[in-house]
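This report refers to the structure that appears directly beneath it.
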Amino acid sequence: ICLPSKVIKYNKNSNWIIAKSMNNANTTFWIIDKKFFPGEDEGISKLIKNNIFGPMDSLEFCKQLKERNIKLRLEPN
(Lines give C-alpha, C1' and ligand atoms only; values in the text may rest on other atoms or scores of the structure.)
Protein backbone atom coordinates (compact mmCIF):
# COMPACT_ATOMS: atom_id res chain seq x y z
CA ILE A 1 0.00 0.00 0.00
CA CYS A 2 1.32 3.42 -0.92
CA LEU A 3 -0.12 6.29 1.08
CA PRO A 4 0.30 9.76 -0.41
CA SER A 5 2.22 12.26 1.67
CA LYS A 6 2.10 16.01 1.62
CA VAL A 7 5.32 18.01 1.96
CA ILE A 8 4.62 20.65 4.58
CA LYS A 9 8.13 22.11 4.99
CA TYR A 10 11.32 21.95 2.96
CA ASN A 11 14.62 23.62 2.24
CA LYS A 12 17.49 23.08 -0.20
CA ASN A 13 20.96 24.15 -1.17
CA SER A 14 23.34 23.04 -3.92
CA ASN A 15 24.01 19.71 -2.16
CA TRP A 16 20.88 18.70 -0.24
CA ILE A 17 17.10 18.80 -0.08
CA ILE A 18 15.44 18.32 3.31
CA ALA A 19 11.71 17.86 3.79
CA LYS A 20 8.98 17.23 6.35
CA SER A 21 5.93 15.34 5.13
CA MET A 22 2.60 14.21 6.57
CA ASN A 23 0.03 11.57 5.75
CA ASN A 24 -2.90 11.22 8.13
CA ALA A 25 -1.40 11.55 11.63
CA ASN A 26 2.15 10.48 10.68
CA THR A 27 4.96 13.00 10.25
CA THR A 28 8.15 11.88 8.52
CA PHE A 29 11.39 13.56 7.47
CA TRP A 30 13.59 13.10 4.41
CA ILE A 31 17.12 13.99 3.28
CA ILE A 32 18.02 13.84 -0.41
CA ASP A 33 21.60 14.05 -1.69
CA LYS A 34 21.60 16.20 -4.85
CA LYS A 35 25.22 15.42 -5.77
CA PHE A 36 24.67 11.85 -6.97
CA PHE A 37 25.27 10.79 -10.54
CA PRO A 38 23.88 7.34 -11.32
CA GLY A 39 26.00 4.99 -13.36
CA GLU A 40 24.59 3.26 -16.41
CA ASP A 41 24.24 -0.06 -14.59
CA GLU A 42 22.53 1.31 -11.51
CA GLY A 43 18.84 0.61 -11.22
CA ILE A 44 16.39 3.12 -9.80
CA SER A 45 16.00 1.06 -6.61
CA LYS A 46 19.72 1.24 -5.83
CA LEU A 47 19.78 4.93 -6.71
CA ILE A 48 16.97 5.68 -4.28
CA LYS A 49 18.45 3.58 -1.46
CA ASN A 50 21.85 5.25 -1.79
CA ASN A 51 20.75 8.88 -2.05
CA ILE A 52 17.37 9.36 -0.38
CA PHE A 53 17.33 8.94 3.38
CA GLY A 54 13.95 8.45 5.01
CA PRO A 55 11.36 8.23 6.14
CA MET A 56 12.69 8.96 9.62
CA ASP A 57 11.41 10.48 12.82
CA SER A 58 12.43 13.93 14.07
CA LEU A 59 15.20 12.63 16.37
CA GLU A 60 16.87 10.62 13.62
CA PHE A 61 16.41 13.53 11.20
CA CYS A 62 18.25 15.93 13.54
CA LYS A 63 20.98 13.32 14.10
CA GLN A 64 21.46 12.82 10.35
CA LEU A 65 21.60 16.58 9.69
CA LYS A 66 24.38 16.89 12.26
CA GLU A 67 26.31 13.81 11.05
CA ARG A 68 26.15 14.95 7.42
CA ASN A 69 26.97 18.56 8.34
CA ILE A 70 23.80 19.82 6.64
CA LYS A 71 23.21 23.40 7.75
CA LEU A 72 19.64 23.80 6.56
CA ARG A 73 16.40 24.47 8.46
CA LEU A 74 12.94 23.47 7.33
CA GLU A 75 10.78 26.24 5.89
CA PRO A 76 7.04 26.15 5.18
CA ASN A 77 6.28 25.47 1.53
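Just so it is clear, the model here is predicted, and its values are computed rather than measured.
In this structure, the side chains of L65 and I31 come closer than 4.5 Å at one or more pairs of heavy atoms. Side-chain atoms of P55 and W30, non-hydrogen and from C-beta on, do get closer than 4.5 Å to each other.
Checked by atom type and distance alone, the side chain of D33 pairs as donor or acceptor with a backbone atom of K35 at under 3.5 Å.
Between V7 and A19, the shortest heavy-atom contact is CG1-CB, 4.3 Å. Heavy-atom minimum distance, W16 versus I70: CD2-CD1, 3.5 Å.
Atom CG of N23 sits about 6.5 Å away from atom OG1 of T28, to the nearest 0.5 Å. Distance NZ/K20 to OG1/T27: 5.5 Å, rounded to 0.5 Å. Note that the NZ atom of K9 and the CD1 atom of I18 stand 10.5 Å from one another [nearest 0.5 Å].
Considering only residues two or more places apart in sequence or on other chains, N11 meets the side-chain hydrogen bond (donor to acceptor under 3.5 Å, both in side chains) condition with E75.
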Tell me which donor-acceptor pairs under 3.5 Å the side chains of residues 56-63 have, and how far apart each pair is, sequence neighbours excluded?
unit_1: D57; atom_1: OD1; unit_2: L59; atom_2: N; d: 3.2
unit_1: D57; atom_1: OD1; unit_2: E60; atom_2: N; d: 2.8
unit_1: E60; atom_1: OE2; unit_2: Q64; atom_2: NE2; d: 2.8

